[in-house]
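Quick note on labels: first sequence line is chain A, next is B, and so on, each numbered from 1.
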2 protein chains.
Amino acid sequence: MPVPLIFSGRFVCAALLAVTAGAGPAAAQDWAHARANSNGPLVLQSQGSFFVGGQDKTSDALNTSAPGAGTITVNQMYVQFQVPVGAERKTPVIMIHGCCLSAKSWEETPDGRMGWNEYFVRSGYSTFLPEQVTRARSGIDATILNEIALGLDGKTTKDIPYIYSLGHEDAYTSFRFGATNGVPFQGEQFPVAYAEEFYKQLIPDMNDFLGAGSPPGLYVGPNPTYNDLSQLAIELGGAVIIGHSESGFFPENAALVSTQNIRGMVSIEPGGSCTTANPETVPLTSAQIKTLATVPTLVIFGDNLSGSWLTSYANCQSYAASIKAAGGDITLIHLPDIGIRGNSHMMMLDKNNLQVANVILKWIAQHVDGPHRGGH
Amino acid sequence: MPVPLIFSGRFVCAALLAVTAGAGPAAAQDWAHARANSNGPLVLQSQGSFFVGGQDKTSDALNTSAPGAGTITVNQMYVQFQVPVGAERKTPVIMIHGCCLSAKSWEETPDGRMGWNEYFVRSGYSTFLPEQVTRARSGIDATILNEIALGLDGKTTKDIPYIYSLGHEDAYTSFRFGATNGVPFQGEQFPVAYAEEFYKQLIPDMNDFLGAGSPPGLYVGPNPTYNDLSQLAIELGGAVIIGHSESGFFPENAALVSTQNIRGMVSIEPGGSCTTANPETVPLTSAQIKTLATVPTLVIFGDNLSGSWLTSYANCQSYAASIKAAGGDITLIHLPDIGIRGNSHMMMLDKNNLQVANVILKWIAQHVDGPHRGGH
């Protein structure tokens with residue numbers, strides 16, 4: 001249970017160090033929950049952040065005023081990490097966020113509970129949290145907009161890339177907090193009382209900047225993030241990649257760049273489907289299926305599936321059958337089927353988020369770090 | 001000294017836990033430095049992230065295709081934090097990044113050394129790292145671009161806000177790695193051998209989105225980040241705010257919203273100047289000077305000042321005189337004057353970054369947490 005935190009004058013009072021359970025503070029300071037936790041001190045061997053990938057690009061449109069010309073770096077992927085003491089026995093875990101989100105997805109929940117990042121670290125895993133190219137600390141290539149603002153090469157407003165802002169109302173239903181905005185499903189696990197806090201972490205999806213010049217639509221072409229994820233796994237000397245939603249199939253796309261050092265793939269509710277590398281354009285070939293079958297895979301879906309989520313689930317069932325036919329080790333879990341009910345699309349933030357994390361940790365222990373590795 | 005890290009197969013090898021000094025690994029994996037550090041385990045009481053501020057906004061231009069209408073949150077400020085065991089005796093520290101940067105500024109350096117965030121935490125301070133509204137995890141209001149793409153209200157390419165990408169060449173000279181691109185100053189403290197790694201953390205400055213509709217130019221009007229910083233200090237029950245470059249005078253701007261619970265202000269090389277709240281528009285009034293004089297202030301400049309940096313330094317000297325005349329406690333330090341030479345504009349990443357941090361920590365101990373608090 002979170003502990004109320006009271007700051008008194010300029011001193012952080014002793015409540016900060018208390019680890020006893022207590023009632024929550026006033027709503028206005030609910031975020032303060034997390035500064036005192038009941039899980040005991042967290043002991044890190046190290047932490048930090050770095051970049052993977054990135055290429056130099058020269059441009060005359062760095063700005064719409066001087067200096068307009070120069071070199072910038074594009075396609076670099078930011079990664080933050082934490083290494084717990086004792087991590088040497090377990091495979092590092094990479095967690096990549098979904099649409100309209102950042103690595104914040106894996107941190108503290110909107111209602112101030114521990115997120116998956118800290119839980120995995122406390123479970124002995126090194127964690128690596130990238131941000132997709134075009135998102136948050138990875139940055140975008142702004143020359144695309146500046147060229148339009150400057151009218152270079154006859155560019156007009158029609159050339160502005162598609163930018164996707166997920167509205168509160170759409171998030172509530174599409175992320176399955178409820179079938180109707182403001183009316184949670186019975187037994188809903190998402191902390192809907194804190195939905196307003198959650199909406200603050202929704203930021204514009206600018207992935208279409210990666211395909212600037214192509215027809216409008218959420219960009220689904222070859223994405224530099226695939227290559228950067230592959231490179232990260234190689235540099236780590238081995239990693240499990242966990243993707244979610246828009247990035248749900250990114251682990252597989254990274255493995256199609258290179259399976260080297262990708263020890264496991266976890267696809268949480270892939271937003272498009274499991275059956276194609278680039279959902280709207282490129283069906284997976286049998287050679288690609290054969291490649292993907294060499295890496296142990298876990299696919300997870302939550303509760304209250306309907307509409308496009310049912311389609312995605314059906315696609316993943318077909319994908320799992322293909323991988324099995326190719327001799328692969330794949331596990332597809334519909335959480336209600338194992339007695340875990342009420343989970344939303346944002347299961348890493350749900351009230352039972354650690355219960356869901358345990359499903360993944362158990363799978364990693366058995367299929368990646370354990371005796372069944374690579375088998376099925 | 002950083003320790004080389006070797007990952008062997010799927011196991012992170014025992015080198016991860018070694019704390020002896022050693023030669024660096026190959027350049028391609030230099031980022032791995034930081035995953036093994038020689039500073040001993042880091043013990044946190046808690047960590048997490050949350051948002052401050054934010055307002056709901058309804059729009060018909062969330063996207064350039066359906067669903068176009070709905071509600072988003074704007075002006076929220078993301079904050080990540082770490083609380084060390086024993087932090088109850090020291091005032092929390094807020095560090096806000098500068099232009100074209102994110103909270104990454106305070107994390108691991110480009111050459112894999114400890115950043116100011118971890119050093120302050122290891123020194124017993126709780127740290128809070130916000131990202132400016134419009135930057136990284138705080139997000140932007142993309143409806144401004146979508147309205148242009150859709151041609152709403154007759155908007156054209158002329159309405160695209162100013163977006164500032166800092167090029168490598170300009171960064172090298174304006175951040176004072178050297179007077180000429182590629183030629184470091186003698187005794188330069190920035191780790192110029194890792195400049196390419198540093199450039200990866202430069203992301204577009206989209207602050208002009210805050211003044212969409214106003215004349216083009218880097219936005220300098222009232223900024224929601226000021227209010228969010230003030231609110232953060234209030235919610236923390238007391239904090240020192242450290243600003244840098246573009247945000248160098250943000251601590252003071254936050255104090256002009258409310259001085260409540262702002263215990264100290266540290267302005268590192270304010271990019272515009274010290275003499276006005278909004279450099280190009282609003283001179284500080286004597287009433288504002290009187291308000292600012294109630295909060296202990298530290299202003300720091302590095303070495304090799306010339307051009308606009310000399311102007312900024314002169315402005316800050318005038319500002320310090322005004323604050324002193326109003327009875328305030330202000331310290332202006334030109335680092336070479338205290339024997340610390342060669343520091344760049346990015347002094348939190350310089351090779352002697354911990355030496356510079358110690359100047360701030362000593363000032364906080366004496367002027368904020370110590371007996372001189374509020375006096376001079």
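Note that OG1 of A:Thr156 is 12.5 Å distant from CD1 of B:Ile148, once rounded to the nearest 0.5 Å. To the nearest 0.5 Å, atoms CG (A:Asn63) and CG (B:Leu166) are separated by 8.0 Å. The structure places CD of B:Glu197 at 8.5 Å from CZ of A:Phe51, a figure rounded to the nearest 0.5 Å. Taken from CD1 in B:Ile140 to CD1 in A:Ile203, the straight-line distance is 9.0 Å, to the nearest 0.5 Å. Here CG of A:Asp170 is found 11.0 Å from OG1 of B:Thr71. Values are rounded to the nearest 0.5 Å.
With hydrogens and angles left out, the side-chain atoms of B:Gln47 and A:Gln82 include a donor and acceptor closer than 3.5 Å. Side-chain contact annotation: A:Gln80 with B:Glu108, donor-acceptor N/O pair under 3.5 Å absent. In the model, A:Thr73 has no side-chain atom that pairs as donor or acceptor with a side-chain atom of B:Lys200 under 3.5 Å.
Neither the backbone nor the side chain of A:Thr109 has a heavy atom closer than 4.5 Å to any heavy atom of chain B. For chain B, the nearby parts of A:Gln201 are the backbone and the side chain; heavy atoms of each come within less than 4.5 Å. Heavy atoms closer than 4.5 Å to chain B are found nowhere in A:Ser59, neither backbone nor side chain. For A:Asp141, no part sits under 4.5 Å from any heavy atom of chain B, backbone or side chain. Heavy-atom distances place both the backbone and the side chain of A:Tyr199 under 4.5 Å from chain B.
The minimum heavy-atom distance between A:Ser165 and B:Ile72, with the atom names listed, is CB-CG2, 4.2 Å. Summarising the geometry of A:Gln76 relative to B:Leu202, their closest heavy-atom pair is NE2-O, 4.2 Å, with the distance given to 0.1 Å.
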Candidate pair B:Leu42 and A:Gln45, rule side chain to side chain contact (heavy atoms under 4.5 Å, CB included), full reasoning: CA-CA 6 Å; B:Leu42 174 66; A:Gln45 176 58 33; over 6 Å; no

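Comparing B:Lys155, B:Glu169, B:Met77 by how many heavy-atom pairs each has under 4.5 Å with chain A, the most go to B:Glu169. Between chain A and the options B:Val43, B:Ile163, B:Leu150, the largest number of non-hydrogen pairs under 4.5 Å is found for B:Ile163. Between chain A and the residues B:Gly139, B:Ala149, B:Gly115, the most heavy-atom pairs under 4.5 angstrom are made by B:Ala149. For the set A:Ala239, A:Ser138, A:Pro204, the entry with the most heavy-atom pairs within less than 4.5 Å of chain B is A:Pro204.
For B:Tyr125, the ring-ring contact (aromatic ring centres under 6.0 Å, His included) test picks out no residue, with sequence neighbours left out.
The existence of a salt bridge linking B:Glu107 and A:Arg137 is confirmed by a sub-4.0 Å separation between a basic side-chain nitrogen and an acidic carboxylate oxygen.
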